[in-house]
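Just so it is clear, the structure is predicted and the values come from calculations on it, not from any experiment.
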Amino acid sequence: MKYWLMKSEPTAFSIDDLARRGTEPWDGVRNYQARNYLRQMRVGDQAFFYHSNCAEPAIVGLVEVVTEAYPDPSQFDPDSPYFDPKSSREAPRWSLVEVRFERKLARPITLRELKADPALAGLALLQRGHRLSVMPVTPAQWRHILALE
DNA sequence: GCCAACGTTGGC
DNA sequence: GCCAACGTTGGC
């Protein structure tokens, strides 16, 4: 089993939204590297749910991957903001996985706190740019972060 | 709202 | 294939 971190802007889709919905297709990823990570995901993988672009960026919950990657339908929908005219049903460019709410953390583990922790210096979230919306987390990083809760 | 860091696009 | 222009992300 692998571990991941997935970003969402809470004004668009928050951990509480996911808690209400239960399971959600993680659509709209339009970056090749992030897409490749989605395609590496397997049912049962675990991910941190991270709130980005907000007052207090933080890891706020845990989710489980419940499907393999499949073509993101929004790429074919001209009315969707994620529509990609260069993609086709014969050769879909973009993928998604579905994730299921597992639980909220007892408290948010903030970006500031992650940055201040020497054990997490290698965390992908903290590397230059860190603009990927989906990124891997090592088992050691996963355990270390959960122990901060 | 600013701006640094990137990815993508497209002219050449 | 280079690279400037442009758009987006996301912390602050």
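Partner of A:F48 under the ring-ring contact (aromatic ring centres under 6.0 Å, His included) criterion, chosen from A:W4, A:Y3, A:W142: A:W142.
Side chains of A:F49 and A:K104 form no contact here, defined as non-hydrogen atoms less than 4.5 Å apart.
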Practice prompt. Summarise how protein sits on nucleotides 7-12 of chain C as a single string, 5' to 3': B when a protein heavy atom is under 4.0 Å from the base, S for sugar-phosphate-only contact, - for no contact.
Written response: BBSBBS
Worksheet item: Once each nucleotide of nucleotides 1-6 of chain C is scored for protein heavy atoms under 4.0 Å, what B/S/- sequence comes out, 5' to 3'?
Response: ------
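Nearest heavy-atom pair across A:P108 and A:V60 is CB-CG1, 4.2 Å.
More than 12 heavy-atom neighbours from other residues, nucleotides or ligands sit within 6.0 angstrom of CZ on A:R39.
Counting only residues at least two apart or in different chains, ring-ring contact (aromatic ring centres under 6.0 Å, His included) contacts with residues 56-79 of chain A are absent.
A distance of 10.5 Å separates OG in A:S133 from CD in A:Q33, rounded to the nearest 0.5 Å.
Between A:E113 and A:R107 there is a salt bridge, with a side-chain nitrogen of the basic residue lying less than 4.0 Å from a carboxylate oxygen of the acidic one.
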